[in-house]
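Since the structure comes first, as structure tokens, the remarks are kept for the end.
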Protein chains: 2
Amino acid sequence: MMMPDVYRALGDPTRRRIVSMLKQGSKTQKEIVEAFDISQPAIKKHLTILLEEKIISERLKGKYRIYSLNTNSLQIAYQDMLQYIAELLDDQLVSLKDYVERGEIRDEQD
Amino acid sequence: MMMPDVYRALGDPTRRRIVSMLKQGSKTQKEIVEAFDISQPAIKKHLTILLEEKIISERLKGKYRIYSLNTNSLQIAYQDMLQYIAELLDDQLVSLKDYVERGEIRDEQD
DNA sequence: CCAACATATAACCTAAGGGTTATATAAAAT
DNA sequence: ATTTTATATAACCCTTAGGTTATATGTTGG
């Protein structure tokens, strides 16, 4: 089991479309398949990846599989990214300091 | 030339590590290479991709190439992703707004 | 000038990603 | 009980991504 990777999950345009679809509400696999031009197994693979990365969740209803957004994970992903940017900006101040201190004299390394 | 895709740039863990390194300050290619277990050409490829997506920039200093974060672009990149996720979450984002306004996160710069 | 160093580039390998078709399985409908 | 429907799975193809080694190019120090 690996750490959920939102970059992996959302890195593919088809998966982003699926996720966007699910924003409108839960959908069966069949409904999702019909919304795309690609085959059912291909869609299934995308769904599996989204499940693995916890972006969506799945429940059974008879012969149907119903997929919905996992808002919890998305929210966490969102916060992680915000945090990341925040840290970046903070460090940037340090970096500026670093630049001033070390200046252009960078060829005296070893 | 291919479609600029921030997920492409940040989708690879090695590239994210490089970005994290550069958060600490500018580095020569050599310094970056030495921080990883992979070969110089491999690192070079990652740097090229980050350059293409404008996440980093490069300047020459004699025989050295010095890489630094393009803070603005990185920020925009993350904001794009955040925007996407935010749209997915819509109403759920109230608590998040709260979180942001608490001042732990500064998502604007001067 | 020459040797050493930093980087660039070419050629190649392998694994993974995204797609396919064909077929198996499970639930529902007839 | 059979057929239809929804989903799962297997086997395969093609392209790309990420890595390698070997070598060329450019810059600097001795």
Side-chain angles (χ1 to χ4, degrees), chain A residues 1-22 25-68 102-110, chain B residues 1-22 25-53 55-68:
Chain A
M1 185 59 103
M2 50 175 61
M3 197 181 67
D5 185 350
V6 64
Y7 301 97
R8 176 186 179 227
L10 300 179
D12 179 83
T14 298
R15 285 197 287 277
R16 289 198 293 272
R17 270 190 64 199
I18 291 176
V19 167
S20 291
M21 260 192 87
L22 294 180
S26 308
K27 300 257 182 297
T28 67
Q29 184 179 309
K30 191 196 176 226
E31 289 174 309
I32 298 169
V33 168
E34 285 170 348
F36 289 81
D37 275 340
I38 60 183
S39 66
Q40 175 261 327
I43 292 291
K44 162 70 173 167
K45 286 184 188 178
H46 286 303
L47 291 171
T48 298
I49 289 172
L50 289 169
L51 282 169
E52 278 173 13
E53 305 303 344
K54 307 264 204 292
I55 299 296
I56 66 176
S57 52
E58 180 190 59
R59 71 178 192 275
L60 268 78
K61 179 83 185 276
K63 64 175 169 181
Y64 295 94
R65 240 129 232 265
I66 304 180
Y67 296 92
S68 47
R102 293 168 74 180
E104 309 286 328
I105 321 158
R106 282 194 58 95
D107 47 354
E108 232 68 50
Q109 288 295 316
D110 18 347
Chain B
M1 182 64 112
M2 50 179 55
M3 186 184 71
D5 185 354
V6 61
Y7 296 99
R8 173 188 177 230
L10 300 175
D12 178 84
T14 299
R15 286 195 287 275
R16 288 198 296 272
R17 269 191 65 201
I18 291 176
V19 167
S20 289
M21 260 193 89
L22 294 180
S26 308
K27 300 259 183 296
T28 67
Q29 184 178 308
K30 187 187 179 241
E31 289 173 311
I32 298 169
V33 168
E34 284 169 350
F36 288 81
D37 274 341
I38 60 183
S39 66
Q40 176 260 327
I43 291 292
K44 161 71 175 166
K45 286 184 187 178
H46 286 302
L47 291 171
T48 299
I49 289 173
L50 289 169
L51 280 169
E52 278 172 13
E53 305 300 341
I55 300 295
I56 65 176
S57 53
E58 180 189 61
R59 70 178 192 276
L60 268 78
K61 179 75 190 186
K63 64 177 169 179
Y64 295 94
R65 242 130 229 264
I66 303 179
Y67 296 91
S68 47

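All heavy atoms count here, side chains included; hydrogens, waters and symmetry mates do not. Letters A, B, ... mirror the listed sequences (proteins, then strands); counts begin at 1.
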* Integer-rounded Å distance: C:dA6 P and B:Lys27 NZ -> 16 Å

* To do: Round to the nearest Å and state the distance from A:Ile43 atom CD1 to D:dA6 atom P.
  => 15 Å

* To do: Spell out yes or no: do the side chain of B:Gln40 and the base of C:dA6 have one donor N/O and one acceptor N/O closer than 3.5 Å?
  => no

* In whole angstrom, give the distance that lies between atom CD of A:Glu58 and atom P of D:dT7. => 10 Å

* **Gap between atoms OH and P, on B:Tyr7 and C:dG18 respectively (whole Å)** => 14 Å

* To do: Please state whether the phosphate of D:dT16, meaning OP1 or OP2, lies under 4.0 angstrom from any side-chain nitrogen or oxygen of B:Arg8.
  => no

* With respect to the side chain of B:Ala42, which nucleotide from D:dG18, D:dG19, C:dT7 is positioned closest? -> D:dG19

* To do: Give, for atom CZ of A:Phe36 and atom CD1 of A:Ile18, the distance between the pair rounded to the nearest 0.5 Å.
  => 4.5 Å

* Considering just the side-chain nitrogens and oxygens of B:His46, establish if one lies under 4.0 Å of OP1 or OP2 belonging to D:dG19. => yes

* C:dT7 C1' sits how many Å from B:Arg59 CZ, rounded? -> 16 Å

* Are OP1 or OP2 of C:dA6 and a side-chain N or O of B:Lys30 less than 4.0 angstrom apart? -> yes

* OP1 or OP2 of C:dG19 under 4.0 Å from side-chain N/O of A:Thr14 -> yes

* What is the distance, rounded to the nearest whole Å, between atom CG of B:Leu47 and atom P of C:dA6? -> 16 Å

* Atom pair OG (B:Ser26) and NZ (B:Lys61), whose distance is rounded to the nearest 0.5 Å -> 12.5 Å

* Asked: Can you check whether B:Ser39 has a side-chain N or O nearer than 4.0 Å to OP1 or OP2 of D:dG19?
  -> no

* Could you tell me whether the side chain of B:Arg15 and the main chain of B:Leu10 form a donor-acceptor pair under 3.5 Å? => no

* Asked: For A:Lys63 and D:dT5, is the shortest distance between a side-chain N/O and OP1 or OP2 below 4.0 Å?
  -> no

* Spacing between A:Asp12 atom CG and C:dG19 atom C1', to the nearest angstrom -> 11 Å

* Can you find a side chain N or O atom of A:Lys45 that sits less than 4.0 Å from OP1 or OP2 on C:dG18? -> no

* Are any of the side-chain heavy atoms of B:Glu53 and B:Val6 separated by less than 4.5 Å? -> no

* Short question: side chain of A:Arg17, backbone of A:Ala35 - any donor-acceptor pair under 3.5 Å? -> yes

* Does any non-hydrogen side-chain atom of B:Gln40 lie less than 4.5 Å from one of B:Lys44? -> yes

* **OP1 or OP2 of D:dA17 under 4.0 Å from side-chain N/O of B:Arg15** => no

* Asked: Of all the choices, C:dT20, C:dT7, D:dA8, which nucleotide is nearest to the side chain of B:Tyr64 once you look at every atom?
  -> C:dT7

* Structure fact -> The residue, A:Gly62 or A:Asp37, whose nearest nucleotide of DNA chain C is more 5′ is A:Asp37

* To do: Answer yes or no: does a side-chain N or O of B:Arg65 lie under 4.0 Å from OP1 or OP2 of D:dG26?
  => no

* Does A:Gln29 place a side-chain N or O at less than 4.0 Å from the phosphate oxygens OP1/OP2 of D:dA8? -> yes

* Asked: Quick one: A:Lys44 NZ to C:dG17 P, roughly how many Å, whole number?
  -> 16 Å

